[in-house]
**Student:** 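Next up is a structure, given as structure tokens.
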Number of protein chains: 2
Amino acid sequence: MGLRERKKERTRLALIDAALALFLDKGYEATTIDQIAGAVEVSPRTFFRYFASKEEVALAPPADGLEHFLAELSERPDDEPPFAAMANAMRSVIQVLREGDAEEARRFVQSRAVIDAEPALFAASHSLLVEQEQRLVAEVARRQGADPERDLLPLFVTGVFGLLTRMGFEHCFPAGVEDLTRMAVRLEEAIALAERSLCPGWDLGRVPQVS
Amino acid sequence: MGLRERKKERTRLALIDAALALFLDKGYEATTIDQIAGAVEVSPRTFFRYFASKEEVALAPPADGLEHFLAELSERPDDEPPFAAMANAMRSVIQVLREGDAEEARRFVQSRAVIDAEPALFAASHSLLVEQEQRLVAEVARRQGADPERDLLPLFVTGVFGLLTRMGFEHCFPAGVEDLTRMAVRLEEAIALAERSLCPGWDLGRVPQVS
DNA sequence: GAGATTATGTCAGTCAATGACAGATGACAA
DNA sequence: TTGTCATCTGTCATTGACTGACATAATCTC
């Protein structure tokens with residue numbers, strides 16, 4: 001990896017860190033792009049070359065997490081049912097976050113704290129999920145051998161799992177990296193609730209009828 | 001109702017109609033507040049006294065629909081299980097839309113068309129749902145006699161139903177009022193899918209275990 | 001080290017959104 | 001009808017997010 005790429009990555013992370021620190025300190029609305037750029041000693045114009053909007057920098061860590069999730073999901077064995085594959089992929093993501101780079105985990109937790117505190121970001125985080133939803137739907141449909149356009153099932157399965165991640169991650173008001181554990185516990189509770197509410201085979205469209 | 005109130009309501013509807021027409025014609029981003037205000041012959045400042053943002057005017061019809069839904073839900077009998085109560089409340093809302101004021105139905109359909117065409121509005125429509133979600137969760141929790149803070153079930157039930165409405169209303173690219181029928185059909189399909197996927201009694205936390 | 005790429009800074013500009021104040025309009029009582 | 005009050009509206013000024021254009025500076029390739 002060349003110097004140019006390393007420098008870009010360093011600037012990107014510096015912008016995220018500066019933004020999160022300012023958001024936590026003075027609040028999201030009260031922080032301006034000029035201040036974020038100034039803290040990293042970069043022009044405001046450059047900020048927008050890294051992030052398309054003020055929201056995007058705040059949501060960058062969860063957005064990265066979502067990418068990791070998609071990558072993990074595509075690596076799950078094909079014969080694993082869709083819902084179990086998503087649950088296991090999410091467990092992998094969390095584990096990597098807990099055992100990997102501590103800075104990355106801190107960014108994720110801080111980002112969640114900022115999002116929980118700011119309604120505008122809370123809303124934006126959902127937009128993020130929904131924007132990427134079609135990629136998940138496509139992967140789920142592939143596993144089911146379904147047509148994502150015609151069949152409602154892939155969208156349903158994806159939507160239910162998205163709901164569970166929301167139940168796990170949102171409204172945690174996290175303060176430190178230890179809250180990652182709390183999120184993991186809540187996620188497992190949500191998954192367990194879903195598993196006892198849904199009929200076996202529901203995510204494959206093969207529900208045994210009680211005739 | 002006094003003249004002042006009637007005038008306000010007329011201006012509000014005129015702003016919505018002008019905005020929807022412009023959005024459909026030139027696109028959401030390409031339309032400015034000045035143009036919307038100009039079409040109704042009010043000052044831009046007045047626009048913001050009716051709607052807090054450009055998004056809000058586009059989302060006004062679905063937002064009104066959500067209010068109707070909450071009203072219908074609170075009027076469902078208490079002994080009706082939460083999920084059935086929500087499904088029936090939604091059916092009522094759609095029926096009122098189809099049999100009531102044709103202008104109101106047209107606004108709803110046009111609004112959905114604009115939302116489907118504009119990613120920013122699509123995202124914002126989700127924010128709308130999530131903002132109001134807690135009110136739904138509270139109502140569901142009341143019906144279950146659950147604590148909405150501790151118990152995950154009310155959030156789960158509300159979230160699943162929210163998912164179904166999304167499946168019914170989104171990506172319809174509606175062109176006319178007749179599309180209301182299409183939405184209703186899709187919603188029923190989604191509800192049917194949920195009902196055969198979920199165990200009886202799931203929304204009351206009383207799932208018969210297969211021991 | 002020369003030349004091609006790519007990143008950055010500067011500048012000007014658009015547009016959404018807000019606060020402050022003054023004037024206009026409908027509500028209401030005498 | 002008229003005067004008074006509350007409320008609605010227009011005008012003005014301002015902030016801050018975001019974008020396009022162009023010049024400069026850094027890095028990469030050979």
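Labels below follow one simple rule: chain letters A, B, ... track the order of the sequence lines, proteins then strands, and each chain is numbered from 1.
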**Student:** What residue pairs, at least two apart or across chains, pass salt bridge (charged side-chain N to carboxylate O under 4.0 Å, His left out) with a residue in residues 148-164 of chain B?
**Tutor:**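 For residues 148-164 of chain B, and leaving out neighbouring residues, there are no salt bridge (charged side-chain N to carboxylate O under 4.0 Å, His left out) pairs at all.
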
**Student:** Which pairs pass salt bridge (charged side-chain N to carboxylate O under 4.0 Å, His left out) with one or both residues in residues 8-18 of chain A, sequence neighbours excluded?
**Tutor:**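 Salt bridge (charged side-chain N to carboxylate O under 4.0 Å, His left out) check on residues 8-18 of chain A returns A/Arg12-A/Asp64, A/Asp17-A/Arg106, A/Asp17-A/Arg107.
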
**Student:** Classify B/Phe51 by what it touches in the nucleic acid, base, sugar-phosphate, or nothing, heavy-atom distance under 4.0 Å.
**Tutor:**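 Result for B/Phe51 = nothing.
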
**Student:** Can you tell me whether the side chain of B/Arg6 and the base of C/dG26 have a donor-acceptor pair closer than 3.5 Å?
**Tutor:**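 It does not, because no donor-acceptor pair links the side chain of B/Arg6 to the base of C/dG26 below 3.5 Å.
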
**Student:** Provide, to the nearest angstrom, the distance between the CZ atom belonging to A/Arg49 and the C1' atom belonging to C/dT6.
**Tutor:**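 After rounding, the reported distance stands at 11 Å.
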
**Student:** Starting from C1' on D/dT7, measure out to CD on B/Glu9 and report it in whole angstrom.
**Tutor:**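 Distance, rounded to whole Å: 17 Å.
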
**Student:** Could you check how far CZ of B/Arg10 sits from P of D/dC8, rounded to whole Å?
**Tutor:**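 After rounding, the gap between these two atoms is 15 Å.
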
**Student:** So, for A/Phe69 and A/Phe161, is the gap between ring centers shorter than 6.0 Å?
**Tutor:**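 They qualify: ring centres under 6.0 Å apart.
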
**Student:** In whole Å, what is the span from the CZ atom of A/Arg12 to the C1' atom of C/dT8?
**Tutor:**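 About 18 Å, once rounded to whole Å.
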
**Student:** Closest nucleotide of DNA chain C for B/Thr31 versus for B/Met1: which of these residues is on the 5' side?
**Tutor:**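 Looking at the nearest nucleotide for each, B/Thr31 comes out on the 5' side.
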
**Student:** Side chain of A/Lys8 only, heavy atoms from C-beta on: which candidate in D/dA17, C/dA7, D/dC8 is closest?
**Tutor:**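 Output: C/dA7.
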
**Student:** Give the rounded distance in Å between these two atoms: CD of A/Glu5 and P of C/dT6.
**Tutor:**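 The answer, rounded to whole Å, is 12 Å.
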
**Student:** Consider the side chain of B/Arg4, meaning its heavy atoms from C-beta on, and name the nucleotide among C/dT8, D/dC28, C/dT25 that approaches it most closely.
**Tutor:**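 Taking heavy atoms from C-beta onward, the closest nucleotide is C/dT25.
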
**Student:** Taking DNA chain D as the partner, which of residues 32-45 of chain A come within under 4.0 angstrom of it by heavy atom?
**Tutor:**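 Contacting residues: A/Thr32, A/Ile33, A/Arg45.
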
**Student:** Under 4.0 Å between a side-chain nitrogen and a carboxylate oxygen: does that hold for B/Arg182 and B/Glu178?
**Tutor:**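 Result for this pair is no, no salt bridge flagged.
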
**Student:** So, is B/Tyr50 near the phosphate of D/dC8, with a side-chain N or O under 4.0 Å from OP1 or OP2?
**Tutor:**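 Checking B/Tyr50 against D/dC8: no side-chain N or O falls below 4.0 Å of OP1 or OP2.
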
**Student:** How long is the line joining CZ of B/Phe48 and P of D/dT14, in whole Å?
**Tutor:**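 To the nearest whole Å, that distance equals 19 Å.
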
**Student:** Return the 5'-most residue of the pair B/Lys7, B/Phe47 with respect to DNA chain C, ranking by each residue's nearest nucleotide.
**Tutor:**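 Its nucleotide being nearer the 5' end, the pick is B/Phe47.
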
**Student:** Rounded to the nearest Å, what distance is computed from the CD atom of residue A/Glu55 to the P atom of nucleotide D/dA17?
**Tutor:**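 Value for this atom pair: 12 Å.
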
**Student:** Within the distance-only criterion (no hydrogens, no angle test), does the side chain of B/Asp179 pair as donor or acceptor with the backbone N or O of B/Ala175 below 3.5 angstrom?
**Tutor:**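 Yes; at least one donor-acceptor contact below 3.5 Å.
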
**Student:** CG of B/Leu3 versus P of C/dT25: gap in Å, rounded?
**Tutor:**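 After rounding, the gap between these two atoms is 12 Å.
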
**Student:** Would you check if the distance from the ring center of A/Phe108 to the ring center of A/Phe169 is below 6.0 Å?
**Tutor:**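 That pair passes the under 6.0 Å test.
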
**Student:** Establish, yes or no, whether a centroid distance under 6.0 Å links the rings of B/Tyr28 and B/Phe122.
**Tutor:**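 For B/Tyr28 and B/Phe122, the ring centres are not under 6.0 Å apart.
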
**Student:** Measure from the side chain of B/Lys54, starting at C-beta and using heavy atoms only, and say which of C/dG9, C/dA16, D/dG10 lies closest.
**Tutor:**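 Of the candidates, C/dA16 comes closest.
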
